[in-house]
Q: 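Encoded as structure tokens, here's the structure I'll be asking about.
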Amino acid sequence: MSTLTKRVSLTQYLVEQQRHHGLIPSQLRLLIEVVARACKRISISVNKGALGDVLGSAETENVQGEMQKKLDVIANEVLIEANEWGGHLAAMASEEMESIYVVPNRFPQGEYMLLFDPLDGSSNIDVNVSIGTIFSVLRKPEGGAAVSEADFLQPGTAQAAAGYCIYGPQTTLVLTVGAGVALFTLDREQGSWVLTQDKLTIPEDTKEFAVNMSNLRHWAPPVTRYIEECLSGSTGPRGKDFNMRWIASMVADVHRILTRGGVFLYPWDKREPEKAGKLRLMYEANPMGFIVEQAGGAATNGHTRIMELQPTRLHERVSVFMGSKNEVERATAYHQEAA
Ligand code: AHG
Ligand code: MN
Ligand code: MN
């Protein structure tokens with residue numbers, strides 16, 4: 001069936017998943033539709049740019065000690081407002097909020113918990129380069145009355161769904177509910193998400209890596225070894241020339257990898273040795289890792305599968321190697337050899 005001739009909407013896709021595969025209870029379906037609607041609103045703000053007064057700094061700092069951009073704050077508010085009243089959620093957590101946001105008493109409490117990076121790639125907002133939203137869905141543990149931060153500390157393998165939206169030349173939504181990865185494109189005239197690709201797969205091999213090369217001198221030896229071997233090209237141990245891309249928006253870099261293969265690295269570095277990495281486990285690495293694995297790729301922290309890591313803090317950081325399976329396995333093996 002060509003998805004281009006017969007248009008399948010996000011709603012239809014979700015209903016079919018629910019009917020045929022029993023994968024999506026109705027609360028989860030509502031949740032995904034609400035997140036997609038919120039992304040549509042964020043997309044409209046992103047598109048307005050200077051005309052909507054959404055560029056520049058908000059002059060506030062988040063819990064990570066990073067200066068917030070206006071769009072970081074706007075996207076966070078849009079996601080909370082959209083999700084708090086529907087009865088599908090018990091609580092939310094965000095890169096931009098220190099503590100969890102429990103659904104207020106005036107609304108019914110649902111079975112799910114939502115985590116998000118409302119605006120990924122903040123440094124690209126003002127320069128008109130692709131940015132995105134990343135989200136991860138967990139189930140509220142059974143029993144226990146009030147939802148707490150400890151309820152969120154579940155490994156990535158427990159995710160019920162994960163996705164990201166890219167605000168780029170096209171606005172696209174990539175989603176997994178654990179049965180492969182589907183891609184939806186926003187039809188602005190119709191205001192609807194249309195399935196434009198199903199069952200995305202990442203080639204196992206690649207000749208393209210994505211890493212912030214300016215950090216090379218700070219990396220651990222296995223990472224330097226891996227990248228230097230790529231750089232030595234066809235006359236080096238890899239016997240082939242590699243290309244490099246670095247957009248500095250994880251959503252856009254990982255999306256390219258989902259489209260044509262590649263490997264994405266954000267490793268630990270010795271400038272801040274106490275931090276496991278730059279990226280956050282619960283709302284960046286876990287959802288992206290789930291999507292990448294569902295597309296046949298791999299995701300590790302250099303030692304362990306990311307989705308098997310037991311989080312100890314909401315805003316925990318992690319070292320990230322994800323994308324084409326054979327490259328991730330190679331980089332991981334270099335860490336094991338070094339250990
Ligand atoms: P965020 O904007 O949510 O803080 O995330 C930015 C992340 C990620 O998207 C990207 O891969 C990385 O930071 C870019 O880091 P560099 O500035 O080191 O290139
Ligand atoms: Mn981010
Ligand atoms: Mn962010």
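Please read these numbers as outputs of a predicted model, since none were measured by experiment. Count residues from 1 along the sequence. First listed ligand is number 1; within each ligand, the first listed atom is number 1.
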Q: Enumerate the atoms of ligand 1 whose separation from the nearest heavy atom of Arg280 is less than 4.0 angstrom.
A: 1 (P), 3 (O), 4 (O), 5 (O)
Q: In ligand 1, which numbered atoms sit nearer than 4.0 Å to a non-hydrogen atom of Met250?
A: 8 (C), 9 (O), 10 (C), 11 (O)
Q: Would you say Gln64 contacts ligand 1, with heavy atoms under 4.0 Å as the rule?
A: no
Q: Considering Asn215, Asp269, Asn212, Asp253 one by one, which has a heavy atom nearer to atom 16 (P) of ligand 1 than any of the others?
A: Asn212
Q: Could you list which atoms of ligand 1 come closer than 4.0 Å to a heavy atom of Asp117?
A: 3 (O)
Q: Contact between Leu119 and ligand 1, counting heavy atoms under 4.0 Å?
A: yes
Q: Around the Mn ion (ligand 2), what protein N, O or S atoms are found below 2.8 Å?
A: Asp117 OD2, Asp120 OD1, Glu284 OE2
Q: Which of the atoms in ligand 1, numbered in the order shown and given with their element, are less than 4.0 Å from a heavy-atom of Leu279?
A: 7 (C), 8 (C)
Q: Looking at Glu111 and Arg139, does any basic side-chain N land under 4.0 Å from a carboxylate oxygen?
A: no
Q: Please set out all donor-acceptor pairs under 3.5 angstrom arising from side-chain atoms of residues 222-231, sequence neighbours excluded.
A:
unit_1 : atom_1 : unit_2 : atom_2 : d
Thr224 : OG1    : Ala220 : O      : 3.1
Arg225 : NE     : Glu229 : OE2    : 3.1
Arg225 : NH1    : Glu337 : OE1    : 3.0
Tyr226 : OH     : Glu327 : OE1    : 2.5
Glu229 : OE1    : Tyr334 : OH     : 2.5

Q: Considering distance alone, does some N or O of Asp120 sit under 3.5 Å from an N or O of ligand 1?
A: yes
Q: Quick check on contacts: which atoms of ligand 1 are under 4.0 angstrom from a heavy atom of Ser249?
A: 9 (O)
Q: May I ask you to list the atoms of ligand 1 that are less than 4.0 angstrom from any heavy atom of Glu284?
A: 3 (O), 5 (O)
Q: Decide side chain to side chain contact (heavy atoms under 4.5 Å, CB included) for Gln18 and Leu14; before the verdict, give the C-alpha distance in whole Å, the side-chain angles of both, and the deciding distance to 0.1 Å.
A: CA-CA 6 Å; Gln18 184 175 5; Leu14 293 173; over 6 Å; no
